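Below is one structure, written out as structure tokens, with a few remarks after it.
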Amino acid sequence: MIVQTIGIVGCGQMGAGIAEICALSSYEVIVYGRNEDVQPVCRGRVKQSLDRAVSRGKLSAHDADAAIGRVSGTAYLARLAAADLVIEAVAEDLALKQSLFRSLDDVLRPEAILATNTSSLSVTELAIATRRPDRVLGMHFFNPVPVMRLLELVRGLHTSDETLAFARKVGAYLGKTTITAPDTPGFIVNRLLIPYVVEAIAAYEAGLGSVEIMDSSVKLGMGHPLGPLALADLIGLDTTLAIADVLYEAYADARFKAPPLLRRMVAVGWLGRKVGRGFYDYRRS
Ligand code: CAA
């Protein structure tokens, strides 16, 4: 199947990042968002990131302009009917995603592929909300999408070989290295990542060290580009909590149990970088 148009559902940090790399790879991109201002918001986010790439010498201004010209936003789901592939990137809420998948199934051509960027929810449970479960899979991107090289493909119980092969080709075209994971909670990456982040938050809460000491220990002692608390801020504390809750419910294993501090921070709206406040205060920088 030849892909010309990719639909993205959601225009948060993941949706905008996915829109950016798709547009850079010459796909026409239609981003669906709930609000009427989706077009300026989404284009603004994509433009900001493209400008950064231009200022770092990664991209020419001409290619950045061409990419932004391929991105449009809409508040009407029916406009995604033009898409050959739709990638959903809304909040980690199973009921919300299922309802979107039901509506998308009605709107899309029967041969179109439906992907979810979920970090932890069951691809199979989303697939069965549609009449095309063989053409549903997980395409799990990493934040920041233009920079992180991995794309984790998740095979639901119904996902066909053709759908997986299709997603591998699109992933390669987007410049990503793909791995295929089974549809188990957390897939591969978050099964490894979440216990580490959860333990760092619990250790910080227990008074092991300051935010800076926790993060410097990992950066300087282990060579990670970010410490675990800065990483949680980047992922979003609400997303980190949602993934931890899904994994804890699935495995009943204390390694995944969200520390009380994480829950409290989410309750007061300290969600990390995207709101300017998390373990760090980004409003001052
Ligand atoms: N487009 C292209 N390249 C860009 C870019 C853009 N918009 N913005 C930055 N870059 C490039 C820079 O040019 C730079 O490249 P070089 O090293 O070749 O010069 C590189 O990206 C790093 O950028 P910066 O120097 O601006 O920033 P940094 O050194 O502080 O790194 C970071 C920032 C890339 C986020 C780095 O801290 C990092 O790799 N962190 C780890 C992030 C991570 O682990 N993400 C996964 C989170 S888990 C997840 O997302 C999934 C989930 O389900 C929870």
Side-chain angles (χ1 to χ4, degrees), residues 13-14 16-18 20-21 24 48-50 52-59 117 119-120 138-154 171-172 174-181 184-244 246-248 251 253-259 261-262 265 270-285:
Q13 55 187 3
M14 295 306 290
I18 299 167
E20 176 184 338
I21 60 166
L24 278 173
Q48 198 181 13
S49 177
L50 287 170
R52 201 175 317 127
V54 171
S55 71
R56 301 273 157 91
K58 301 266 158 174
L59 189 68
N117 180 54
S119 332
S120 59
M139 291 178 77
H140 181 211
F141 292 85
F142 295 84
N143 188 11
V145 179
V147 179
M148 304 310 284
R149 289 178 299 165
L150 186 69
L151 170 59
E152 193 174 33
L153 301 178
V154 183
L174 295 175
K176 302 298 180 194
T177 298
T178 53
I179 53 162
T180 304
T184 53
F187 319 128
I188 294 174
V189 174
N190 280 328
R191 177 97 175 246
L192 303 178
L193 176 66
I194 293 299
Y196 155 69
V197 172
V198 156
E199 178 59 18
I201 298 172
Y204 166 67
E205 189 173 13
L208 209 66
S210 66
V211 168
E212 290 76 12
I213 285 178
M214 301 295 297
D215 278 355
S216 307
S217 305
V218 167
K219 277 168 66 178
L220 304 179
M222 294 158 70
H224 289 205
L226 287 180
L229 302 178
L231 181 57
D233 277 355
L234 176 72
I235 295 168
L237 299 190
D238 49 346
T239 303
T240 304
L241 176 61
I243 303 171
V246 167
L247 292 178
Y248 184 64
Y251 296 115
D253 184 330
R255 287 180 305 140
F256 301 111
K257 191 163 188 202
L261 176 63
L262 175 60
M265 290 176 75
W270 295 357
L271 307 182
R273 268 186 202 221
K274 60 188 169 188
V275 299
R277 180 78 204 251
F279 288 101
Y280 294 87
D281 189 347
Y282 301 91
R283 294 164 303 182
R284 281 177 284 149
S285 48

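Source: prediction; values computed, not measured.
- Considering all non-hydrogen atoms of both residues, S119 and N190 come closest at O-ND2, 3.1 Å.
- Nearest heavy atom pair, residue D281 against residue G276, reads OD1-O, 3.4 Å.
- Residues that satisfy the side-chain hydrogen bond (donor to acceptor under 3.5 Å, both in side chains) test with T180, not counting sequence neighbours, are R168.
- The side-chain hydrogen bond (donor to acceptor under 3.5 Å, both in side chains) check on S120 picks up E92, with sequence neighbours excluded.
- Taking the side-chain contact (heavy atoms from CB on, under 4.5 Å) definition, one finds that A203 meets it with L208, M214, sequence neighbours left out.
- Considering only residues two or more places apart in sequence or on other chains, R255 meets the side-chain hydrogen bond (donor to acceptor under 3.5 Å, both in side chains) condition with D253.
- Residue L174 holds its CG atom at 11.5 Å from CD of E20, rounded to the nearest 0.5 Å.
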message: Apply side-chain contact (heavy atoms from CB on, under 4.5 Å) to residues V218 and L231 and explain how you reach the verdict.
response: CA-CA 11 Å; V218 167; L231 181 57; over 6 Å; no
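- In this structure S210 satisfies the side-chain contact (heavy atoms from CB on, under 4.5 Å) test together with E212, I213, sequence neighbours excluded.
- A search for ring-ring contact (aromatic ring centres under 6.0 Å, His included) contacts involving F256 returns Y251, not counting sequence neighbours.
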Which pairs would a plain distance check flag for residues 144-153, meaning a side-chain donor or acceptor within less than 3.5 Å of a matching protein atom at least two apart in sequence or in another chain?
{"unit_1": "E152", "atom_1": "OE1", "unit_2": "H140", "atom_2": "ND1", "d": "2.8"}
{"unit_1": "E152", "atom_1": "OE2", "unit_2": "I188", "atom_2": "N", "d": "2.8"}
{"unit_1": "E152", "atom_1": "OE2", "unit_2": "V189", "atom_2": "N", "d": "3.0"}

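- M265 pairs in a side-chain contact (heavy atoms from CB on, under 4.5 Å) with only one of the listed residues (T240, L237, L241, L271), which is L237.
- The minimum heavy-atom distance linking Y196 with P228 is given by the pair OH-CD, 3.3 Å.
- Within the structure, salt bridge (charged side-chain N to carboxylate O under 4.0 Å, His left out) contacts touching residues 215-241 (residues at least two apart or in different chains) are D238-K274.
- Every side-chain contact (heavy atoms from CB on, under 4.5 Å) that P259 has, sequence neighbours left out, goes to V198, I201, A202, E205, L262.
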- prompt: Is there a side-chain contact (heavy atoms from CB on, under 4.5 Å) between I179 and F187 once you walk through the steps?
  reply: CA-CA 11 Å; I179 53 162; F187 319 128; over 6 Å; no
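- Pairs of residues two or more places apart, or lying in two chains, never qualify as salt bridge (charged side-chain N to carboxylate O under 4.0 Å, His left out) while including a residue from residues 190-202.
- The shortest heavy-atom contact between M14 and F141 is CE-O, 3.2 Å.
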- prompt: side-chain contact (heavy atoms from CB on, under 4.5 Å) between I18 and M139: does it pass, once the steps are laid out?
  reply: CA-CA 10 Å; I18 299 167; M139 291 178 77; over 6 Å; no
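- For K257, there are no side-chain hydrogen bond (donor to acceptor under 3.5 Å, both in side chains) partners at least two apart in sequence or on another chain.
- The minimum heavy-atom distance between L59 and L50, with the atom names listed, is CD2-CD2, 3.6 Å.
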